[in-house]
Asks: 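The following block contains the structure, expressed as C-alpha cells.
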Amino acid sequence: MAVTETRHTRYEPNQFEAKWQDRWEDEALYRAEDFLPKPKYYLLNFFPYPSGAGLSVGHSKNYVPTDVMARYMRMRGYNVLFPMGWDAFGLPAENEAILRQVPPQENTARNVANYKRQLKLQGTSFDWTREINASHPDYYRWTQWFFLMMLRKGLAYRATGLQWWCPQCKTILANEQVVNGYCWRHTDQPVERKELEQWYFRITDYADELLESLDDLDWPERIILMQRNWIGRSTGAEITFTARDSAGNSYPIPVFTTRPDTIYGATFLVLSPEHPLVDVLASPEQRGDVMQYQQRAARETEIQRLSTERDKTGVFVGAFATNPMTGEEMPIWIADYVLMGYGTGAIMAVPAHDQRDFEFAARYHLPVREVIEGPPGAPGGEGAYAGPGTVVNSGPFDGLDADEAKEAITAALTEKGVGHAAVTYRLRDWLVSRQRYWGAPIPIVYCDTCGMVPVPEDQLPVLLPPLEHFAPGEDGRSPLANDPNFVNTACPACGGPARRETDTLDTFVDSSWYYLRFASPHEVDAPFDADAARYWAPIDLYVGGAEHAVMHLLYFRFFTKVMADAGLVPFREPAPRLRNQGTMHGANGARMSKSKGNVVTPDSVVAEYGADSLRAYICFIGPFEADAFWDPTGINGVHRWLSRVWDMAQPMAVDREAGEPEELELRRAINKTIKRVTADLEGFQFNTAVSTLMELSNLMQRLRPALERAEVWRWATDQMLLIMAPLTPYISEELWSRRGGGESIHRQAWPEYDEVMTIDEVKTIVVQVNGKVRDRLEVPQSEDMESVREQALSSPKVQPYLAGKEVAKVVVVLDKLVNIVVR
RNA sequence: GCCGGCGUGGCGGAAUGGCAGACGCACGGGACUUAAAAUCCUGGACCGAAAGGUGUGUGGGUUCGACUCCCACCGCCGGCACCA
C-alpha cells in the first residue's frame, strides 16, 4: 500500500453533505416559530409548479441566492420565515398527467417528492413543516372560500361574452394569458373567440389603487412599468353624441376621448362592429354591407385584427349623429380598429390629429379639419399632428393652448349636460373560470327553483372527484360535467335537485393568497390565522422571474387589497420589496429547457462537485438580476477555491507567535471582508460577495506559512467560515465542527467588524498631471493632504511634466489623489 | 412605431465622478512526475524594441479628471403595440 502522507484529507463534499442535510432537519434548524420577540423576516420565492422535468440549475439561480439571504438574515438575528409549497393545480400538471396516463393527483405527488429532494440536495434551508400544496382539499377549500368572499362582496360575477379560447388548452383564457393574439402556453396557437358564460373577478374596481400604489413599491422598474402599461389608465372625457336612425328616432352615443380639445375637428363617428347600436342605426340601404362587415370582423383572428400594418377598413352605417359642440351632422361608420372592449366601443374621429383616424379618412375620403396648430416650424407633412399647440377653428376656444382647451371644453360639455371628465383603463376584469378538470371547483350550485346558489361555507370544500376521463373535451365544458355524481346535488337553499357549477378556478387564484397560508399552514378554521398573518406578513422580500409581471403579481396585489378591505389583513400590498433573478441559459445560448436539450441538473453538478460548489458558482456567475450562461468549466474556479479553503481551514495546533506585520495584515483583511460581504449581501450582490471571499483566501494562502500555527490564524479562519456559511453551508458546517466550533455554524451570529481595522496603515495617493497618472505616493494614513500635495509637486517622476510649464491649479482629493494642472 | 434596459480583454464579469479590467474561466510558460491528471508558481488589454502612447459601442459636451453625468447616433435584449 502506498504511503499517502498527506497532511489533510482531500475536499470530498459527497462524504459529508448528506449527513448535514439530515442533521439540520432533525435539529429543526430552519423552523420558523410564530411570535418570537425577534424581528421577523419573511422571504418567499414565487409559488412553483412541480413539473415532471424536475429542477435544472436554471431554477437554482432563483433558489440559491434566496437561500443565501435566508441564512444570512438568520445569522443577523432575524426570525426568518422561508417556506416552500406547490402551485400544483393547473394546465401543465394536467397535461402532463394526460400524457403519462396517470391521474394528476398521483403525478403531482411524484413530482413534488422529486422537487423536494432536489431542493434539499442544494442545501436550501426551507422550513418543510410549513409545506403547502394548492391541490390538496385542505388548501383549495380556502381558495373556494375566497371565491365566495368575492361573490359576497360583489367582486365575482358571471357574464356572457366573447372570450379568448385556446383550442389546444381547450379552455378560456384571461386577457393576461393572451400574448399578441397567441396562447401564453402555446406560442404558435392563435386564440379564438367563443361566446360563453364565464366567471369574473372585478379587478377593475381596484385599477386606480393598483396603479397608484405602484409608486410605493421597491420593485424592479421594469415590472412597475409593465404593470402601469397593463392597467393603462387614460384620462379624458366621455362625450355624448346624438344619433338618429332613418326613422328619426334618437339614440345617445357616448364616446371616450383623451382629446376633448379636438372636438371641433371631429368629422365622423366610428363604432366597433360589435356595438349594440349598429343594428338599430343601420339604414336599409346600408344594412347588407354592415352585416357583411360585422361577420367578417367576427371571423378575424385577434392577430389579424390587431395588426397595425394592415389597412383600416370600415363601412358607412347609413346614419348621422350631431356633434354636441358644433351642432354639426357627422356620418357614423363602423370599423374594426375600434374595439368594443375599450372605453365605450365608439369614438369621435379627428383625422387631423389622430393617425388612425387620418388613415381611415384618407381611405374613405372623409373630411379632415385642423383644429390644433403646432408651433411655428413644426413638421408638417404626412399624417395627423398629435403634438402640442394652439386651438384654431374651434369657435370660442380659438387661441387657447391645447391643454387649456381640454379643461375648458370638458367644462363646457359638462355645463351642457353632454359630457364629463372620464377615466378609462386598458385593464379588464379577471376571467377566472376554466373548463378544465385539474383545479378548484367553483363552489356554486344551480337550482331550478332558487337559481344560482353559493355553496355554504360549512359545506366546503367542494371536493374534486377522481375521474377516469379527465382530459378536456371539445365541447367547451369541463370534464366534471360528465360526472353525474359530481354534477347532481341537492340545492343548499331548498334541498331540491340542483346541478353543480363544473368550471374550475384559474390557478392564479390559488397563488393569489398562498403567501398568507404559510403563516399558519395547518389552520383548520380559516384560510390563515389572523395573528400569525399579522406577525409574518407582508412578505419582506419576494423573489422570482420577470415572466409573471402582469399575471400573478397583479392578481395577488388585487387579492391583498380585497382582503384588506374585508379586514382580513392590516396591509394593502403583499410584497413591498421584489427582486427578479435573471434567466439561466444553456451553454448553447438558449434558455435552459428540456426542449432545447441543454438542461444541466443540480443532481449532476452536485454529484461531480458538491452542492457548495454549485451554490457558489450560481452566486458567482454574474449579477443576480442578469441573465447568465451556464459554462461547464466555470465551476472549476469555485471548486478549486473551496478545495483551498478546505485545506487551509483544517484544525491546526497553535504553538507559534505571529509576525506582527502579517498578523495586522490578516486582521485588517478579515475586517474588510466582513464589511464588504455584509454590504454585498444586503445589496443582493452575491457575485462580488464570492469574489471578496476568494480574495481573502488568496491573501490567507500567501500569509499561511507565516501564520498558520498562530492564534490569529485560528481566529481568522473561524471568521472566514462564518462569512461563508450562508453561501456554502455544508463545507462551513463540516469544518466548523471539525474545528470544535460547538453548536451548528448556522446558529452563530454574523460576525461584526471594527471600522478602524478596515483602514490600512498606509494610503496610496495617486499623482496626476493633467489627469494622467504619473506617480503613486505611499504615505502613512495619518499624513495630512497639505504635506501630500508638497510631496506630489516635488516628486521626481512628476518633474519632467512640469518643466517649462506653469502650474495653473492643484486639485487635492482627501486620501485619494493630487492632480496637477499645468499649462 | 412607442417605452424601458444594456454595450468594458478570447469568455463571465469588477470598479461612492478619482490607479479601468478586481475575482474567476479558458489559454501560454515553468515546477513536481517516467508520463499524465491533480496541485503549486508565473504571464498576458492593445500598439511599440523601449521611452511612451492608445484604450470601457460611435461622435460631441460638462469637469482639474468620465466606464460612471448630459446630448445625438449605432447595435443588442426586453416590454407594449390600432387602447381612442
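We name chains A, B, ... by the order of the sequence lines, and we start the count at 1 in each one.
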Asks: Which nucleotide in the list B/G4, B/A26, B/A38 gets nearest to the side chain of A/Asn636?
Replies: B/A26

Asks: Assign A/Arg644 to base, sugar-phosphate, or nothing according to its heavy-atom contacts below 4.0 angstrom with the strands shown.
Replies: sugar-phosphate

Asks: In whole Å, what separates the P atom of B/G13 from that of B/G57?
Replies: 15 Å

Asks: Assign a letter to each nucleotide of nucleotides 14-23 of chain B from its 5' end: B, base within under 4.0 Å of a protein heavy atom; S, sugar-phosphate only; -, no contact.
Replies: S-B-BB--BB

Asks: In whole angstrom, give the distance that lies between atom CG of A/Asp775 and atom P of B/G52.
Replies: 12 Å

Asks: Could you tell me how the ring of A/Trp646 sits relative to the ring of A/Tyr11: parallel (under 30°), tilted (30 to 60°) or perpendicular (over 60°)?
Replies: tilted

Asks: Starting from the 5' end of RNA chain B, give me the residue, A/Asp631 or A/Ala628, whose nearest nucleotide shows up first.
Replies: A/Ala628

Asks: What distance, rounded to whole Å, do you find between the two P atoms, one in B/C77 and one in B/C82?
Replies: 22 Å

Asks: How many angstroms lie between atom CD of A/Gln227 and atom CH2 of A/Trp219, to the nearest 0.5 angstrom?
Replies: 5.0 Å

Asks: With syn defined as a glycosidic angle within 90° of 0 and anti as everything else, classify B/G24.
Replies: anti

Asks: CD of A/Glu407: more than 12 outside heavy atoms within 6.0 angstrom?
Replies: no

Asks: In whole angstroms, how far is the P atom of B/C82 from the CZ atom of A/Phe256?
Replies: 17 Å

Asks: So if I take every side-chain heavy atom of A/Arg640 and compare against B/C82, B/A84, B/U39, which nucleotide ends up nearest?
Replies: B/U39

Asks: When you compare B/A38 with B/A51, how far apart are their C1' atoms, in angstrom units rounded to a whole number?
Replies: 44 Å

Asks: Under 3.5 Å, is there a donor on one side chain and an acceptor on the other for A/Tyr617 and A/Ser60?
Replies: no

Asks: What is the ring orientation for A/Phe684 with A/Phe624, classed by angle as parallel under 30°, tilted 30 to 60°, or perpendicular over 60°?
Replies: perpendicular

Asks: Note every stem involving RNA chain B: at least three consecutive Watson-Crick or G-U wobble pairs, i with j then i+1 with j-1, with both distances under 3.5 Å.
Replies: B:1-7 with B:74-80, B:10-12 with B:23-25, B:27-31 with B:39-43, B:45-47 with B:52-54, B:57-61 with B:69-73

Asks: What interatomic distance, in whole Å, is found between P of B/A37 and the corresponding atom of B/A49?
Replies: 35 Å

Asks: Given atom OH of A/Tyr11 and atom P of B/A38, what is their separation to the nearest angstrom?
Replies: 18 Å

Asks: Could you work out the separation of B/C23 and B/G9 based on their C1' atoms and round it to a whole Å?
Replies: 15 Å

Asks: Could you state the atom-to-atom distance from NZ of A/Lys772 to C1' of B/G65 in whole Å?
Replies: 11 Å

Asks: Please work out if A/Arg774 contacts a base, only the sugar-phosphate, or nothing of the nucleic acid, heavy-atom cut-off 4.0 Å.
Replies: sugar-phosphate

Asks: Are side-chain N/O atoms of A/Asn323 and A/Tyr264 paired as donor and acceptor at under 3.5 Å?
Replies: no

Asks: Check the distance between B/C2's P and A/Arg222's CZ and give it to me in whole angstrom.
Replies: 21 Å

Asks: For the pair made of CH2 in A/Trp230 and P in B/C80, what is the distance, rounded to whole Å?
Replies: 7 Å

Asks: Between atom CZ in A/Arg702 and atom P in B/U42, what is the gap in whole Å?
Replies: 11 Å

Asks: Check for a donor-acceptor pair, side chain of A/Asp612 on one end and backbone N or O of A/Ile731 on the other, with a separation under 3.5 Å.
Replies: yes

Asks: Under 4.0 Å between a side-chain N/O of A/Arg426 and OP1 or OP2 of B/A81, yes or no?
Replies: yes

Asks: Pick the P atom in B/G24 and in B/G75, then give their distance to the nearest Å.
Replies: 38 Å

Asks: What integer number of Å spans the P atoms of B/U16 and B/U33?
Replies: 46 Å

Asks: Nearest nucleotide by nearest heavy atom, which residue falls closer to the 5' end of RNA chain B, A/Phe629 or A/Gly232?
Replies: A/Phe629

Asks: Side chains of A/Asp775 and A/Tyr801 only: does a donor on one sit below 3.5 Å from an acceptor on the other?
Replies: no

Asks: Over how many whole Å does the gap from A/Leu225 atom CG to B/G5 atom P extend?
Replies: 9 Å

Asks: Considering only atom P, compute the distance from B/A20 to B/C25 and round it to an integer number of Å.
Replies: 25 Å

Asks: Ring centroid separation for A/Phe360 and A/Phe358, is it under 6.0 angstrom?
Replies: no

Asks: Between A/Asp429 and A/Thr204, do the side chains contain a donor N or O and an acceptor N or O under 3.5 Å apart?
Replies: yes

Asks: If we count only N and O atoms by modelled type, under 3.5 Å, do the side chains of A/Tyr337 and A/Thr313 hold a donor and an acceptor together?
Replies: no

